Amino acid sequence: MFQPVTDSNFVTGEHSVLKLWLQQQTFQQLRRKNAGRKRWSFLDGPITANNPMGVHHAWGRTYKDTYQRFFAMTGHDQRFQNGFDCQGLWVEVEVEKQLGLGTKTAVLEFGIDNFVNECKRRVLRFAARQTEQSQRLGYWMDWDNPDQLRQLAEQLGTDEEVTITTPTGKTETARAHQLAERLGNSEWGGSYFTFSTENNETIWTFLKKCFERGKIYKGHDVMPWSGRGGSAYSQMEIAEGRKLTTHKSVFVRFPIIHDEASGRASALRGKDRDEHGGLTPNRSPETQGQEYLLVWTTTPWTLTSNVACAVNPDLDYIKIQTKRDNAIYYFAKDNLNFQRLASEFRDGFGRPEWKWPEGVGKLKTLAQIFKEQGGFEELGTIKGAQMVGWGYEGPFDDLQAQQQAGGVPVDENNLSRCGVNSHRVIDGGRDSRGSANVVAGEGTGIVHIAPGCGDIDHKMGVALGLPIIAPLKDDGTYSEEFGDFAGLEAIAPATAELVFEKLKAKGMLVAVETYPHIYPHCWRTGDELVFRLVDEWFINMDWRDEIKDVTRQIKWLPDSIDGQEREIEWLSNMSDWMISKKRFWGLALPIWVNEEDPSDFEVMGSLAELKERSIEGWGDFEGNTPHRPWIDGVIIESQTPGKEGQRMRRVPDVGNPWLDAGIVPFSTMGYNTNREEWQKWYPADLVTECFPGQFRNWFYSMLSLSTMMRYDEADNAEDKKPFRTLLGHRLVQNEQGKPMHKSDGTAIWFEEAAEQIGVDTMRWMYLAQNPAMDLRFGTRHHDKPVTLQTPDGPIEKTLEGVTTCMVTSGPADETRRQILIPLWNCYKFFIDYAIADGFVPSDALRERVAQSSHLAPRDELSGKSCDKQPGDHTNRASSMAHHAERDGYTAVADRPEIDRWILSNLQSLIEVAHREMTQYNAPAFCAAAAGFIDDLSNWYIRRNRRRFWRSKDATDTDKNAAYETLYEVLVTLCRLLAPCIPFLTERMYQNLVLGQECSVDSVQFSENRGEVALTEHRTLNTEHSPPPSVHLCDYPTADISLLDAGLNLSMSAAQKVVRLAHKLREESNLRVRQPLAELRFASSNVGTAEAIERLADVIGEELNIHRVVRQDNLDALVSYAYKPNLKTLGPKYGKLLNALRTKLPELGDAVLSPLRRGENVTAELEGSSVDLTPEDVLVSTAQAAEWVCSDDSGIQVAISTVLTPELIREGMSRDFVRQVQQLRKDANLNIQDRIRVQYHSADNTVQAMVAEWGDYIRGETLADEIQFSPSAGVGVKSVTVGDSPVQIWIVNRV
RNA sequence: GGGCGUGUAGCUCAGAUGGUUAGAGCGCAGCUCUGAUAAAGCUGAGGUCCGUGGUUCGAGUCCACGUACGCCCA
C-alpha cells in the first residue's frame, strides 16, 4: 500500500503539500471540524502592510500558526483572523517617495483624497503580498484572496463597481473603497484592516469615553517645522534633509542678578522678583565687577524666547575679568582655549561634499576673542553645581512675550510664571544614554534654553514647569507679542541682524561670527527647518494605576524577561499620551472644536452621533470612509451652555497609529456590532509579538484602551484585561548576532530563506529558539545572486525588484541534519522494508494511530458541546496494552521490551507536548521531540534492524510487532509534530496512512489559486476512515497503560552499559566488528541489574559480545578506589576534610570493603576517629587482568579482552560481510537483489574462515555462492579482512 | 544618571539548594559502526568560569567593589 520513498527534497515537498491543501481545502475542513466546540481565542497583532515580509516577521508568525494548529488539533474553535496595520506616517513616507511629494503643499496640490487613496492602495497591495508569503510559510489563517485585494487596489478612487467573493463565500458588489472599508467584518471573514470603518469608529468609542472622563486636552509639542511648507517633520524626514550651511552665531552676556543683602548671586524663584524689590540687576557700566553668564547660540532668533540657562553641575567654570570694561564672565573652563571645529576646518564634516565653506575663516578661541577685546585676567574656577539657581537678566525682557503671565501662548495652568521672572541657571541634566546635555567644548558650557524653540529645551521646560514662549506662527514668522520682531521671518538673515542690533544697544553683545554646521533642512524645498511649538492633542494618563492593575492580571512570557515588571515600569513613568499628528493618512480624530472659542471642544463617539449632530457637510461625506479629506467638511453645533449654535469643526489632525492597533481586542471581535459574539472571544487567550519596543507601543495601547473601554462595564481589573497571556520574543539577527538591514543588503527576504532553507526548517529554528534571546538566523550573501524555485515558478528578483541572493545558515543546516533528516530516514527505513516485506497495517491499527473525532458533517455538530476536555489528554476509553490479536495487531503486552520502551517513551513525549504547548513553551517540546527522534533513530531502529530484515514469513509475530510498533510511532510522531513542521509531517502521513505520494505530479489543482471550488474531495463523515490530512487528526493523547517509567530506567541502564563497553573497546583498541567472548556487569541496585539482564540480548548485539553475564560483584576482576563524599562529610568534620580527602583513599579495600556491603566503618585519621557510613564514601572500580573494567553511577562493567582464533575468524567473517555490503551499495543493488561473489587471498586463514562462516556470509549478503578465485581479480581493490589483504568482487546478479 | 540583565571551551549556551575531575551542541583531530542515515558512537585537544577582595573546611555558584556588553527609563 505504501508509495516508494526517495530523497527528502524538503523544499519541493513543501510546494506539493501547499497544492494538496489548496486542492483538498484542508484548512476549511479543519474549521468545520471544530466549529461550535470549545473556544480558544487568539488575537493577532497587525503586521504593517507597507513592505514585503522578511525572515524576522516569520518568527512570530510561526508561533501564531503553531499554537493555533495545536489548539485546533486539540479540538478548539478559533477565529483564525490575521490583521494588517494600515494607517500612519510609515505608509505616508513610502507613498510620498513613490509619488515624489515632499511637503504639505505638494500633498495638498496632489489632493488629499488622491493621496489617501494612494495610501490605501499601497496597503492593499502589500496585504496581498504578505498574504501570499504567509501562505508559503504554511500559516493557516482565514486569508482574503490576494488577487481580489489587488483588484480593489486598482479600482480605488474610480467609480467602477467591483465584485468580490469573500472568504465566507459571499458575493459582494460595490465601489472599491466601500468594499475595502468593510474588509474583515465577521460576515465576510478575512483579515482585519485597521483602516476599516469599524476599527476607526471603535477608536471613536474609546476617545468618547476618555472625553466623558475629562481626559482629553489640548497641549503642545515642539516639532521641526518648515515655514514655507507649513508642516511639521518627522525624525525620519529630518535625517534625509541634513545639509551643511552657515549661520551667524553669537556670544551674548546675561547680567547675573545679585541679592544685595548678601552681595552674592542668588536664585530667583517664581514671582519673588516682583515681590521682593531688593533683587535688582546691577549693570551700571561704572560699577566694578558686574558679573555675566556667557552664552552662545547659532540661532539668534531664539534669544527672544530665552527662559533659562543650563549648565553641567560637574563641570569646572572659569571666572575671568576683562580689561576693557571690568566685566566678569563665567563659562566652562575647558572652553577658554578650545580649538573650535578644528578637525572640521581640516577634514570637513564627514561627507566628501561637506567641506569647510570658502571665505569662512578659522574660528577663534574664546581666549582669542577676549584678547582682541583688550585682554583679560583669570579670577578662579567654580563648579557648575554652585551656579545652579542663580538669577540673571534676559536679553529681551522688554518684549510683551517675556512679560506675559503663562508664556506664549498663555498656559492657564502656569499663570504665576513669565519669562522675565523665570530666568535662572538650571541643571542641564542627561540624555537617554546618560551623557550630559551640557558639555564643555563648543560654545561656553552655558546653554541658552528656549522651551518654545527647541526639542530638548521643551522637555526641560516641561519638566521644570518653566513658562513656554513660542515665537512662531505656522508660516514661520513672529507673532505680535514680539514687538519689533512681529511679522519677521525667523530664518531670514535680517532677523538675526535685528537681534544683534538690539543686543548691542543693551550692552549684551560680545561677539558675532560666521559659523558653519550641519543643520536640518526641508528635504524637498531646501529651506532651513525651525523648531516650533505646535498644538497637539493628549490623553491625560492620570488613570495609569487602573492600567497597572489590569497589567497585573496578565501572564507575561517568557518568565526571564519579566515583562510585567517592564510594562508596570513604563506605565509608572510614561507621560501623557500625544494622540495627534499633523498628517493626512490615519484615524480622523473625532474632536470638533468651536470656531469661535478654541477651548470649547467635543468628541464624537460614533458616525451615528456625528450624523445626528451635523448641521452641514454630512451629505457630501456620506458614502465615503471616515478619513481625511471627506470627513473634514462635516460641521456640528456647540451645545455648551452659552455657546449654543456656534459652529464646530473637526481638528485637522489624524490619530496616533497605536490607537489603531490598540483597539483591535474590541473592533475585530464585534464590540460595537455584535456584543454577544464579542463576549465569546474576549479576552484573547494569547497574543504574541516581537517585544523590543512593544511595551510602550502595542502592549501599552491595548492595555490602556481596554482599561478605558471597560471602565464603565466591569468592576475589577480581571474583567478588563484584553488578553490572558502574552508571549514575547526577541529579534532575528544575522549569523554574527548583528542586526540585519535592508539598506546594506543583509536583510533576508522571506522567499530567499523559504526557497533555499525550507520553511519546516525555519519553523523548527524559530520554535526551538529561546524567545528571550536573539535568533542568529543566517547570512545573506548580497554579492551572490541565485534563482529561486517558487510555487509560481523560478524568480531572480522579488516582486519589488530586489535581486534574490544566496542565504546560508549554520543553525538551519544543523536543524536539518539533527531533526528533519533523521526523521525522514526513520520514515524511509520503514517504508523501504514495509514495501519489500509487503507489510500492510491492519485497518484497526490505522484507525488507532490516525484518530479524529468530530469529523462529521457540520449540522451534527452544531449545538453539541465538546465531549472531551481538551486538557484531559490521558483519558482514553480503552487501553491498547492488552488487546488480543483479534484486534488486528499484536497486543503491546506481547511485544518485546524494546518495543514497549519506545511506545512508553512516545507516551511521555505526548504528555510533554500537551504540558508544554499549553504553556506556550514550544522550545521545551522541541527539545523533547529532538531527544525522541534521536532515540528512535539511533537506538530503537538501530537495535531492531534485524527484526525487519528477516525473511518473509507471515507468522513471524516478532517481526510484525516491530513493524506495528514503528508504524504507530511514526504516525503518532507526525501528529505530534504537525503543528510545528506541518509540511514534512503531512507528506509522511499521506503515505503512511493513506498510501499516497504527495508529489507535484500527483496533485492536480485549480489554475486560479483563489478560486478553488468549495467542494469536498473526500467523504469526511465515515467514522472509521482515517482523516485525509494529518492536520485533521486529533492531537495524540497519551495512553497511560503504555506508560512505564521502569522501562525508561532499565533502557537507560542498558545504554549506560553500552556506552561503558564502547569506551572500554576504544581504550583497549578492540574494534566493534571483532566479537568478544564475554561482558560481566554488576550493580548494587538489584532492579538495575535485573533490568540490564533482561536487555542482555540487545546489549550483546550492539556490542558484538557473545555473552552478557550478571554478577553480584566484580571483585574477582577489579580493584576498588575510595573517595570521600565531601557533601556528607563536610558538615560532619569541617576542617578535617582536607586530611580526609588525601588519606581516605590510602586506607584501601582492606579497611573500607565493608562499606560496599552497606556496613559502617570506623577509621583512624590524623589521630582522630572517623565514623564512615556507606553514603560518606564513593566507590569506583579501577583495574583488572585480561579484563578491562569501568563503572558509572553504580554500574560496573568488565569485558574480556582475550581473542581466541575462533573469535578472530568470526571477526573476519564480519569484515567480509561488511566489504560485500559496501560493494552491493556501490553497485546500487536493490536490497532484495541476489548475487554471486568471488574473492582472492594469499592468506589461507581467509579460506578457512569462509569455509567455517560461509552460510552466515551468504545469508547476510544475499549471495548464492562465494567462490575462491586462485587468481587475483583485474582492477579489484584490495581490502582488509582481519589482518589479511583480500580482493572481493561481485560476479553478477542472479 | 537610575533600573534590570549578561560575562563559563574557537562559536552558541547548560551549570536548584555552595561539594570531589566544570558540562552539552557545533567546529577541529583521530578511531569505530553502517543492508535507512548526508546520521550515529567513542577518544582527544581546547577553560586564569570578566577582575579584585571577602564569607566558608570548601566559591563558577553567596557578598562587596570594579569592569565590559546589552536592554529599559529619565
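All of these numbers come straight from a predicted model, not from anything done at the bench. The basis for the numbers below is simple: all heavy atoms, side chains too, and nothing from hydrogens, waters or symmetry mates. Within every chain, numbering begins at 1; the chains are lettered A, B, ... in the order of the sequence lines, protein sequences first and strands thereafter.
At a threshold of 4.0 angstrom between heavy atoms, the contacts of Ile941(A) include nucleobase atoms, whether or not backbone atoms are also involved. Looking at heavy-atom distances under 4.0 Å, Arg1065(A) makes no contact with the nucleic acid at all. Note on Met574(A): nothing from the nucleic acid sits closer than 4.0 angstrom, heavy atoms only. No contact: Gly563(A) has no heavy atom under 4.0 Å from any strand. At a threshold of 4.0 angstrom between heavy atoms, the contacts of Thr1261(A) include nucleobase atoms, whether or not backbone atoms are also involved. The residue Arg816(A) sits apart from the nucleic acid: no heavy atom pair falls under 4.0 Å. Looking at heavy-atom distances under 4.0 Å, Leu1262(A) makes contact with a base. Looking at heavy-atom distances under 4.0 Å, Pro811(A) makes no contact with the nucleic acid at all. Heavy atoms of Arg1224(A) sit nowhere under 4.0 angstrom from any nucleic acid atom.
Note on Arg696(A): a side-chain N or O is less than 4.0 Å away from OP1 or OP2 of rC73(B). The side chain of Gln818(A) contributes an N or O atom lying less than 4.0 Å from OP1 or OP2 of rC26(B). At rA36(B), one or more side-chain N or O atoms of Tyr833(A) fall inside 4.0 Å of OP1 or OP2 (strictly under the cut-off). Considering only side-chain N and O atoms, Arg817(A) lies under 4.0 angstrom from the phosphate OP1 or OP2 of rG27(B).
Relative to the side chain of Glu569(A), the nucleotides rU34(B), rC72(B), rG30(B) differ in distance, and rC72(B) lies closest. Side-chain atoms of Lys1225(A) lie closest to rU37(B) of the nucleotides rC73(B), rA36(B), rU37(B). Of the candidates rA36(B), rU32(B), rC42(B), rC42(B) carries the atom nearest the Arg1059(A) side chain, counting heavy atoms from C-beta on. In this structure, the nucleotide among rG19(B), rA39(B), rA14(B) sitting nearest to the side chain of Leu1126(A) is rG19(B). Distances were taken from every side-chain heavy atom of Asn1125(A) (C-beta onward) to each of rU12(B), rA38(B), rU20(B); the shortest belongs to rU20(B). Closest contact between the side chain of Glu814(A) and the listed nucleotides rC26(B), rC13(B), rA36(B) involves rC26(B). The side chain of Arg1073(A) lies closest to rC33(B), out of rU37(B), rC42(B), rC33(B). You'll find that the side chain of Val1072(A) is closest to rU32(B), out of rU32(B), rU12(B), rC42(B). Distances were taken from every side-chain heavy atom of Asn938(A) (C-beta onward) to each of rU34(B), rC13(B), rA39(B); the shortest belongs to rA39(B). Of the candidate nucleotides rG35(B), rA36(B), rC73(B), rG35(B) has the atom lying nearest to any side-chain atom of Gln1221(A).
With P as the reference atom, rC28(B) and rC62(B) are 36 Å apart, rounded to whole Å. Taking atom P on both nucleotides, rC26(B) is separated from rU43(B) by 14 Å, rounded to a whole Å. Taking atom C1' on both rC31(B) and rG18(B), the two are 40 Å apart, rounded to the nearest angstrom. Nucleotides rG47(B) and rC63(B) have their C1' atoms positioned 25 Å apart, rounded to a whole Å. One C1' atom belongs to rA45(B), the other to rG27(B), and the distance between them is 13 Å to the nearest Å.
Mapping Arg776(A) and Ser575(A) onto RNA chain B via the closest heavy atom, the residue that lands nearer the 5' end is Arg776(A).
Across all strands shown, rU37(B) forms no Watson-Crick or G-U wobble pair with both key distances under 3.5 Å. Pair assignment for rA68(B): rU6(B), on the basis of Watson-Crick or G-U wobble contacts that are both within less than 3.5 Å. Within the shown strands, nothing qualifies as a pairing partner of rG27(B) under the Watson-Crick or G-U definition with both distances less than 3.5 Å. Nucleotide rU21(B) forms a pair with no other nucleotide shown, judged by Watson-Crick or G-U wobble geometry with both contacts under 3.5 Å. Base-pair partner of rU56(B): not found among the strands shown (Watson-Crick or G-U wobble, both distances under 3.5 Å).
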Residue pair Arg987(A), Asp760(A): steps toward the salt bridge (charged side-chain N to carboxylate O under 4.0 Å, His left out) verdict: CA-CA 12 Å; Arg987(A) 284 170 76 194; Asp760(A) 273 334; over 6 Å; no

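Whole-Å rounding puts the Lys828(A) NZ to rA38(B) P distance at 11 Å. The CG-C1' distance, from Leu936(A) to rA36(B), rounds to 11 Å in whole Å. In this structure, CG of Asp935(A) is placed 19 Å from P of rA36(B), rounded to the nearest angstrom. As a whole-Å value, the separation of Phe829(A) CZ from rA39(B) C1' is 14 Å. Rounded to whole angstrom, the span from the CG atom of Asp1215(A) across to the P atom of rU34(B) amounts to 9 Å. The interatomic distance linking Glu565(A) (CD) with rC71(B) (P) rounds to 20 Å, in whole Å.
A donor atom on one side chain and an acceptor atom on the other are found under 3.5 Å apart for Arg1218(A) and Gln1222(A). Side-chain N/O atoms of Asn1104(A) and Arg1065(A) include no donor and acceptor closer than 3.5 Å. Side-chain contact check for Asn905(A) and Tyr940(A): no donor-acceptor pair (N or O, by modelled atom type) lies under 3.5 Å.
Here rA40(B) is in the anti range [glycosidic angle more than 90° from 0].
For the atom pair CD (Glu567(A)) and CH2 (Trp556(A)), the distance works out to 4.0 Å, reported to the nearest 0.5 Å.
A donor and an acceptor atom never sit less than 3.5 Å apart when one is taken from the side chain of Ser8(A) and the other from the base of rA38(B).
Considering all non-hydrogen atoms of both residues, Met765(A) and Pro811(A) come closest at CE-CB, 3.8 Å. Residues Gly428(A) and Asn437(A) approach most closely at O-ND2, 3.0 Å, considering heavy atoms.
Of the residues listed (Trp658(A), Trp570(A), Tyr700(A)), the one engaging Trp577(A) in a ring-ring contact (aromatic ring centres under 6.0 Å, His included) is Tyr700(A), and it is the only one.
The residues Arg946(A) and Glu1260(A) are annotated as salt-bridged, a charged nitrogen and a carboxylate oxygen being separated by less than 4.0 angstrom.
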